[in-house]
Amino acid sequence: MEVAILTVGDEVLAGDTENTNATWLAGRLTDVGATVARILTVPDDRELIADTVREWADAFDAVVVTGGLGGTHDDVTADAIADAFGRGLVVEDAVREDVIRTVAAYRDANPETVEAHDLDLDVDAWAALPEGCRALINPEGLCPGCVLDDVYAFPGVPAEMRALFEQVAGEFGGDVVSTTLYTPQPEASLLDAVAGVRERFDVTVGSYPATDDRNRLKLTGSDPDAVAEAAAWLRERVEVVAEE
């Protein structure tokens with residue numbers, strides 16, 4: 001299963017917010033056997049987001065979008081996904097009720113903050129999702145996520161994104177497995193071994209230098225036996241001090 005990750009936000013592109021969402025999603029998708037084929041960050045640009053979602057929905061098995069959901073002026077992701085599929089936005093009763101409950105709970109827990117600031121929230125703006133989508137109720141925050149065909153959209157707040165992804169993690173899958181070997185050898189000394197494993201086995205191999213004196217060789221493939229055989233072949237030719 002090939003998956004593309006699209007993160008949305010001017011603040012990410014400006015360097016104001018670290019893009020931990022893309023890293024976490026890539027790791028979790030790999031964990032469940034999917035292959036992450038693209039990662040892209042775009043600004044809060046409705047037309048650009050729609051064009052990217054439309055193109056990627058045809059090109060990949062699934063698209064994961066995070067960021068830009070909500071009811072503020074720069075939250076345009078829900079509109080853009082709706083545009084990509086030629087649909088409008090709607091507000092489901094269950095989603096509206098959850099937003100109302102979340103706001104009420106916040107008011108009860110923070111009465112002084114609510115009294116000090118004029119908290120006038122447009123419930124429908126926060127609850128609106130593309131027509132025909134499957135709503136994902138947010139257990140960690142205000143804004144729901146959604147699934148429309150093979151496009152999955154989550155809020156950008158990391159805790160909320162992770163909670164919503166786990167609700168649908170079982171819908172991503174594949175047979176990709178990997179083994180990582182750690183070696184103290186300099187990367188330049190690994191060239192022959194890396195070339196040899198590529199020639200002999202149906203796996204991909206990545207060589208990644210590190211600053212902790214342990215470089216990494218990562219073997220990835222869809223056949224567990226091939227990955228295991230490639231790892232065994234490398235162990236005979238490379239000094240391996242740990243693996244996972």
Side-chain angles (χ1 to χ4, degrees), residues 1-8 12-13 18-42 52-67 147 149-154 158 161-162 165-166 168-244:
M1 182 179 195
E2 285 196 332
V3 182
I5 299 172
L6 180 65
T7 56
V8 176
V12 178
L13 290 169
E18 185 177 357
N19 195 356
T20 59
N21 284 351
T23 301
W24 187 89
L25 282 167
R28 283 294 289 120
L29 288 164
T30 300
D31 286 344
V32 298
T35 298
V36 177
R38 296 285 189 282
I39 297 178
L40 175 68
T41 301
V42 296
T52 305
V53 168
R54 189 181 299 111
E55 176 185 347
W56 282 9
D58 290 334
F60 302 104
D61 297 312
V63 181
V64 176
V65 186
T66 179
V147 183
D149 288 355
D150 290 325
V151 176
Y152 295 74
F154 309 124
M161 180 275 296
R162 295 180 185 189
F165 176 84
E166 295 302 342
V168 296
E171 298 175 24
F172 298 90
D175 50 8
V176 174
V177 297
S178 64
T179 294
T180 301
L181 307 178
Y182 294 86
T183 175
Q185 290 184 218
E187 188 177 30
S189 72
L190 303 173
L191 298 181
D192 289 343
V194 170
V197 81
R198 284 176 172 160
E199 292 172 359
R200 291 167 173 80
F201 302 97
D202 185 19
V203 299
T204 57
V205 55
S207 176
Y208 307 107
T211 58
D212 61 357
D213 297 326
R214 295 199 314 171
N215 294 324
R216 291 182 296 139
L217 292 172
K218 184 174 181 180
L219 301 163
T220 304
S222 58
D223 183 347
D225 292 337
V227 173
E229 290 169 7
W233 189 88
L234 274 178
R235 288 189 206 97
E236 296 178 356
R237 293 158 178 82
V238 172
E239 181 183 354
V240 176
V241 294
E243 64 181 87
E244 61 184 15

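Not measured: the values here are computed from a predicted model. Worth knowing before you read on, the calculation uses all heavy atoms, side chains too, and leaves out hydrogens, waters and symmetry mates. Numbers for residues simply follow the sequence, beginning at 1.
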Q | Test side chain to side chain donor-acceptor pair (under 3.5 Å) applied to Glu166 - qualifying residues, sequence neighbours left out | A |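 Testing Glu166 for side chain to side chain donor-acceptor pair (under 3.5 Å), a comparison that skips the adjacent residues, returns Arg28.
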Q: Identify, with sequence neighbours excluded, every residue that meets side chain to side chain donor-acceptor pair (under 3.5 Å) alongside Ser189.
A: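 Partners of Ser189 by the side chain to side chain donor-acceptor pair (under 3.5 Å) criterion, ordered by chain and then number, come out as Gln185.
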Closest non-hydrogen atom pair, [X] against [Y]:
X	Y	answer
Val42	Leu13	C-CD1, 3.7 Å
Thr179	Glu243	CG2-OE2, 4.1 Å
Val177	Pro224	CG2-CA, 3.9 Å
Pro184	Val241	CD-CG1, 3.7 Å
Asn215	Pro209	OD1-CA, 3.2 Å
Val203	Ala230	CG2-CB, 4.1 Å

So with a 6.0 Å cut-off around [atom1] of [X], is the heavy-atom count from everything else above 12?
X	atom1	result
Asp31	CG	yes
Arg235	CZ	yes
Glu171	CD	yes

**Q.** Heavy-atom donor-acceptor pair, Arg237 side chain to Trp233 backbone, under 3.5 Å
**A.**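 Present.
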Q) Is the backbone N or O of Val151 less than 3.5 Å from a side-chain atom of Asp149, with the two atoms forming a donor-acceptor pair by type? A) no
Taking side chain as C-beta onward, heavy atoms only, is [X] less than 4.5 Å from [Y]?
X	Y	answer
Asp150	Asp61	no
Met161	Trp24	yes
Thr30	Val176	no
Glu244	Tyr182	yes
Asn19	Thr41	yes
Val238	Leu217	yes
Leu190	Thr183	yes
Thr220	Val227	no

(Q) Salt bridge or not between Glu229 and Arg200? Use side-chain N to carboxylate O under 4.0 Å. (A)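 No.
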(Q) Once rounded to the nearest 0.5 Å, what's the spacing between atom CG of Leu6 and atom OG1 of Thr66? (A) 9.5 Å
(Q) Distance check, rounded to the nearest 0.5 Å: Phe60 atom CZ versus Glu55 atom CD? (A)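 Reported to 0.5 Å precision, the distance equals 8.0 Å.
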Q.
Restricting to side chain to side chain contact (heavy atoms under 4.5 Å, CB included), what partner residues turn up for Arg198, sequence neighbours left out?
A. Val194, Val205
**Q.** Test side-chain contact (heavy atoms from CB on, under 4.5 Å) applied to Leu219 and Thr204, step by step
**A.** CA-CA 6 Å; Leu219 301 163; Thr204 57; over 6 Å; no
Q | Identified side chain to side chain contact (heavy atoms under 4.5 Å, CB included) partner of Ile5 from the options Leu25, Leu40, Thr23, Val65 | A |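 Exactly one option meets the side chain to side chain contact (heavy atoms under 4.5 Å, CB included) with Ile5, and it is Leu25.
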Q) Taking the six-membered ring for Trp, are Phe172 and Tyr152 parallel (under 30°), tilted (30 to 60°) or perpendicular (over 60°)? A) tilted
